[in-house]
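First comes the structure, then the notes that go with it.
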Amino acid sequence: MTSATRLVYLFFLMALTLLVTGNLCGQEGFAERVDRALGSNQELVNGIQFSNQYIRSEGHPYWMDERFRTGSVCINAQWYDQVKLRYNLYSQRLELEYFTAEGHLNQIMTVPENITAFFLGGYAFRRMQIGEESQAYFQVVSSGSTTCYIRWSMDLLGSKSSVTSFGPIVREYWMQQGERWMNFKNRRSYVRAFPKEQKRAYKKLLKKQDFYFWSATTGEMVEMLLATIRLFEEGGGAMRQIVFMILAILLTFLLEMTGQKAAITFSGHFEETPFIEFAAAVEAQTGTTLYFRASWVRDIRISLSGRDLSLLTILDSIFGPAGLNYYLDDWNHLFLTDSVMLIAGMPDYEGTKERTLPEEGDQLETEEGDLTSAEQKYINGRKVRVLEEIHVGRADRAIPGRKALISGQIHDEESGEPLVGVTVYMEAIHKGASTAADGRFNFLLAPGTYGVVCQSMGMESLQFTLVVHSGGELELDMRRTLIPLDEVVVTAGRHDHVSGNQMGYERLNYSVLKHVPLVMGERDILNVVKLLPGVQSVGEGSSGFNVRGSGADQNMIYINKVPVYNSAHLFGFFTAISPEIVRDFTLYKSNLPASFGGRLASFFDIQTKQGNMKRLSARAGISLVSAYAAVEGPLKKDKSSIALSLRSTYSDWILSLMEDPQLRNSEAGFYDVSGVYTLKASDRTRLKVFGYLSRDRFKLGTVQAYAYGNSGAAVDVRHRFNQQINGNLALIYSRYQFRKQDTQLETVGYEHASYIKHYELKSDFEWLSLGRHKLTFGGSGIYYRLDRGSIEPYGATSLRESLDLGLENGVETALYLADELTLTDRLKIYAGLRFSSFFSLGPSDVRTYTPGMPRVEENIRDTLSFGRGELSRAYAGLEPRLNLRYLLTDQSSLKFSYNRGYQYLFVLSNTVAMAPTDQWKLVDYHIAPQFLDQLSAGYYLDLPGSGMSASVELYRKWGHQIVEYRDGASFTESPYVESATLQGEQKAYGVETMIRRNAGGLNGWLSYTWSRSFMLVDQWETGEQINGGKPYPSNFDRPHNVSLVLNYKRGRRVSLSGNLVYVTGRPSTYPVSVYYEHGVPYIHYSDRNKYRIPDYFRLDVSMNIEGSLKKHKRFHSFWMLGVYNLTGRNNVYSVYFQNESGFIKGYKLSIFAQPIFTVSWNVRLGNYASK
Amino acid sequence: MPVNKLHIILILVLLCGSCVEPFELLLEESQEVLVISGMISDRPGRHEIIVSLSSPYREPVFQGVDLCMVAVEDQEGNMIHYTNIGEGVYVADLPDSFLEVGDAVSLQVLTPEDRLYRSSFDTILACPELDSVYYELGQQETPDPEFTRPGIQFYLDMTGGPNDSRNIIWQVDETWEYWASLIGTHIYRHDWSILEEFRSSVLFKCWKNFPLDHVYIRSTRSLSANELKRLPLNFVSNETDRLSVTYSLHVQQQSLSSESYDYWRRMNDQSVESGGMYEKQPASVAGNIYNVDDPEEVVLGCFYATQLREERLFVHNNNLFDFYVPHIQCQYQTTNTLFTPEHYKFPVYLYSPVNFNPTLWGPEECFDCRVQGGDTIQPEYWKAW
């Protein structure tokens, strides 16, 4: 704004004020009426009365000091002299003290709009407007045609326990000469504001006045300004350009408060001292080293004196006028530069676009992007392709017309680990197999010559000619392919998908974890699993997951055959298994192999790394919440190996940032450790010892504390008896323990600890000699010891009576037999039968109830006592498994399966999500095992050439005797669980479709699932019902579910990944109406799960940036940057209702309501390609 | 990692905490369900039964149902009939020793539509002694870690014998006295022509009385002794004017049968559920009242019989608190601060000292305590200091 427009503006404002005042005067106002009625004159005494308004403050907000001083004030163009005034810098009001007619001393805050000017302490103030600021009081210092305006203000620093304090005084300066305006803040900007040729004069002025803006008193300030104005007027005032911005100058304290700058101080007296001498003195005092070129500072003379002067502040004022810059590093080296600014700090990592230049002696590997696909093809095409010939058996043992058993094993050439899921395929006879968990495969082949292709994702495909003479063995090594190393998403091979008999089956490996963006930068197994079709969770931060509409306790999670009873770390935000030890994991949703049993919905089989038999490798990483380290390597090369992983969190600091006081005073932490020892005892025998430990602790304020942990171990021996029979014997131990302290109320404080122990002996055999048959059989026995714990008083004042919830013993046994029969080239059948049984053993006291009556306390008839080891009840069930696969074409197949399963233990939970505090419970005298029938059918298709495959699966489930909880049940008040539970029927059905691409720079999957899940509880014999005996959607009935996982790799150093998840909202019970009892409003709820919370949508992206690709280096590091919930959608985790002063208010709780940016840094031994 | 980058991450983490927002429901149904609730105690005197309809969730209003026939019957067939006093309230004055510990009673309600509802019989159990109600100065934490809110926390001690009920419910109501902030001398009531003298003291003291919107319920069944110490009741902070003059807490302790306890425990659970990470599935709580002809009909509410003990505690603010309790914040203003009378609504209160100079005014709420919602009638039980 030029001064002309400003003048117009000011004029306009004045005119407006006049108009308003005129309007007021024209009409008789209230004041006049009162004046008339009571006869008073109140022109001066006009404002808001107050007393001691800053009595609870530290310091005061007044100009000069707190006292009222004699001054003059102009109110509505009328000057009042000899009045007591003070100027409040905070409220920007002038305060007036006066005596009332009765002689009381009163204080009022005047109305600023009425005041045009005042004099206070000998200084003049005007109320005016500068620029676009609103009207304010300005101190006016004027001489000749030049005027300086100073605006004083002060801020409230904030209040703490109702004591307020004020910030430093803020002064803003404007200088005006004629039409020119300028502003400044310190010695440097002051000097700079003047034309170059005059700078020297102003600098001299500052020196002469010994003037520092930051320490000047009001008097000194005015004196200085007047001197400046005089000098300015003499010089004719050819000023620099007009600057019209407001500079807030925190003169008094700010510089002293800015950390390092304040840290270096010195004292002394200098008068016209050359800079070099000054520097020497400062160096001697402060330990700072100054680096400069003598020619720059030749003219600088320093005059100052004082104690504890801030070095940098003074340097600012010295160098500013001299046009010099300086830079202070962390070691107190002070570098003077001329006009060049030294950049302190490195540019952002993302900003570095330069390619790493090859150093001498280093080879730079060629990036994929450097060659076009045509070039690649050309190069490949020139390579001479010689197929290796592998002979098996001896020609002299060949029996013409009789097939020979060929048994092979495939290893990773680099690590020596057996490779799982490698397809071995013979094109000519359309025969294929895939390797099992130990890398083995078997064929029955007539003697002859076959072309064999072995393929596995992430591996170079292996082609050779197999010459079969008689039965025998072959060992193959596959090499890692350099290019698609980390692109592998799904290792289940092409042929598996269509020709294998698996359905409702997903296998993923470690590298997927690296590419799926996850919350807090933590790679996590279960969070990846939740992106697969048919798998859902109740919400973020809920333990467990739901498979095809079944409860979370119906999933079995095995890690190297050790069952994990609680897979959640930190309330389910993370999985209790470090991804660093995981090699791959398989999820079975239907067509469960007969060797698996004991859970209804799914088996989640995690295989750990076995340890590299060839060489040592290590990895480590750190993210916002946790740090991990993993190491693996041979103990004795090619004979035994070990793999160890350790992970721990330090998440307490996040909790300390929470707003909620209870969360803020909370503590949370977890760690997990696992280790594997593998021994190749002989060619035929392999021993694996696995140990696992996880611990969690959580303290909620002073109110509750939880701790829980899993521990487990397994010794697994695999022996090949002969060419036909493989056997496996495992001894397994697992324990889950839980402890809780509740101290919400001292007199009822309690402590509760419980555990479940699992001892298992399991054996599995494979028999391959029967032509088209592949027979598997085995058995297992599990002894459960479950202590539901006792509720014990906690704390000296607790009156709680201890209550033993009971100790349970049970034995679960199973025997199975299954046959995989290849009927024709196209039709394959898998049929199995599993017989399981459960024995509930004493000691126990069992209540019996009046038949036909609800099993509650009122209906107790008798108590039965069972002695130690005495059988109280036995259950048994047959679990048939059937699966058909029919190849429609080479690229498509139809599959069908049926299975039944029994489950002899379940989780006691009455919450929406599975909570870490939930307890396990065995079936008992009253509660019968849950069982489930599942039918499923699917169509599978490969689209050769594009690397794409597609599948559609349908399923239908009937669950029986599923345990549900009575409304309002509590599990810690009585050991008799039958009084808190009911059993009902479950029905679930759905369609799962999926398209995926496993190869190429862009890979991933898109899946859509439509599914429903219902519960029905209507016990006709006792008349007990939930929801009036009508079916209701289960907690995890979420009909529509879309997930998209994409990885895009550009070159080898950068890869981008993204997830998109859409799920229908979880069912919820909503309030329908409100009613009052004792004046308190209560809610009448709808039928159970009648409504749904809003749908869930989330988009995550992440980027992996690899370190340099140098071939020879000790460490390779990579960064993972990610954004979880990129769109920041407030996904509703739960909807709840609260009574707030008589109104029922609905709230939605979102857990990650903003995009969450995460970064983690990972490092491993070796180069990029090292695993 | 450069330091500034780390700072950015810290800030981002701060932002990502959980988030709670208001939520509006879209319901397909809106039901009005009959609610019958009431209590009868061994005390002689007035007793109430309330018959109402539930109201839609969005517009929570109390809808009383009048013109019912209400009666309480004991096992011997003795009946007490209730009189409808409007708004769904039915009252009866119980004679002396109508009920004693061990008696069982049931409620009958016949609606104007000729539907008969009954409650099951509820037995009066002996109520433990209410030893004392007391308070302690305390601090309540707030979302700002630097700042705690001072106030007083009320507690209760109770001791019961082996034959006393182990299930207790406490109904608590609070009453407090507060004062207007300024004294006035004159008033313009309707227009500027009549200036009246004004007796400020009439409108200076007020009392407010409300039941706490929380029912305290506890069972000592799992405790070795039938007693409770330091059971926390409500916390009164320095944010309201409750403690400004005199505050009174009235606690009614009632024994409950195990069925009634179960009902109230579930009602209480329902109202304290806060939607945290692991909450129970909410459900309507079925009481002991049913339609005699149609047992399927949903009827809300509960009728219970109890032995009653009560205690009233007064807290006077005679500078006991080392924290500041807000009164209504008012300042006299000079009359020039009133510019146009149109902007001001009557009545206008003035304070004018002896010789009318200067005359001061203030807003109505500074002179008339009733504007804050209280009543100027002092309750009978009030103990002033």
Side-chain angles (χ1 to χ4, degrees), chain A residues 29-31 33-34 37-40 42 45-46 48-50 101-102 160 162 345-346 541 657-659 661 664 747 799-801 910-913 915 967-968 1069-1082 1084-1085 1134-1136 1139 1143-1144 1146-1151 1153-1154 1156-1157, chain B residues 2 12 14-23 25 29 31 33 35 37 54-57 60 62 141 143 145-146 171 192 195 211 213 215 222-225 228-229 266-267 271 275 277-284 300 324 331-336 338-339 341 352-353 355-359:
Chain A
F30 177 65
R33 289 172 187 273
V34 175
L38 301 171
S40 69
Q42 296 158 35
V45 182
N46 179 5
I48 296 171
Q49 188 183 7
F50 67 89
E102 304 89 70
K160 191 169 163 183
S162 72
M346 300 298 285
L657 301 176
M658 296 287 181
E659 269 199 1
R664 194 167 55 231
T747 49
L799 296 171
R800 186 109 189 183
E801 214 163 348
N910 51 8
T911 55
V912 171
D967 290 334
T1069 309
Y1070 278 176
V1072 174
S1073 60
V1074 172
Y1075 63 103
Y1076 295 82
E1077 282 204 71
H1078 298 296
V1080 180
Y1082 289 96
H1084 170 48
Y1085 283 97
S1134 79
V1135 168
Y1136 64 96
N1139 168 8
F1143 284 89
I1144 305 295
Y1147 289 97
K1148 52 184 188 181
L1149 171 75
S1150 312
I1151 293 192
Q1154 279 105 6
I1156 299 173
F1157 299 83
Chain B
L12 292 173
L14 269 172
L15 290 175
C16 81
S18 60
C19 154
V20 172
E21 287 177 0
F23 179 70
L25 295 180
E29 60 194 305
Q31 290 178 347
V33 178
V35 186
S37 73
S54 68
S55 58
Y57 158 74
F62 175 80
E141 290 213 52
E146 297 288 309
Q171 283 176 16
W192 300 108
L195 182 71
D213 57 0
V215 170
S222 57
L223 307 183
S224 54
L228 289 167
K229 296 278 174 268
R266 282 159 65 180
M267 289 291 273
S271 65
M277 304 286 285
Y278 304 103
E279 291 297 355
K280 282 182 198 166
Q281 182 81 267
S284 282
L300 299 170
Y324 175 73
Q331 283 163 353
Y332 286 119
Q333 299 189 31
T334 54
T335 46
N336 283 16
L338 282 170
F339 285 113
S352 185
N355 60 355
F356 296 121
N357 193 13
T359 301

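Computed from a predicted structure; not experimentally measured. Order of the sequence lines sets the chain letters (A, B, ...), proteins ahead of strands, with each chain counted from 1.
- No option in Ser54(B), Pro60(B), Ser284(B) other than Ser54(B) meets the side chain to side chain contact (heavy atoms under 4.5 Å, CB included) test with Tyr1075(A).
- The two atoms that bring Tyr1082(A) and Val215(B) nearest to each other are OH-CG2, 3.5 Å, heavy atoms only.
- Pairing each heavy atom of Tyr1076(A) with each of Phe62(B), the nearest pair is CE1-N, 3.9 Å.
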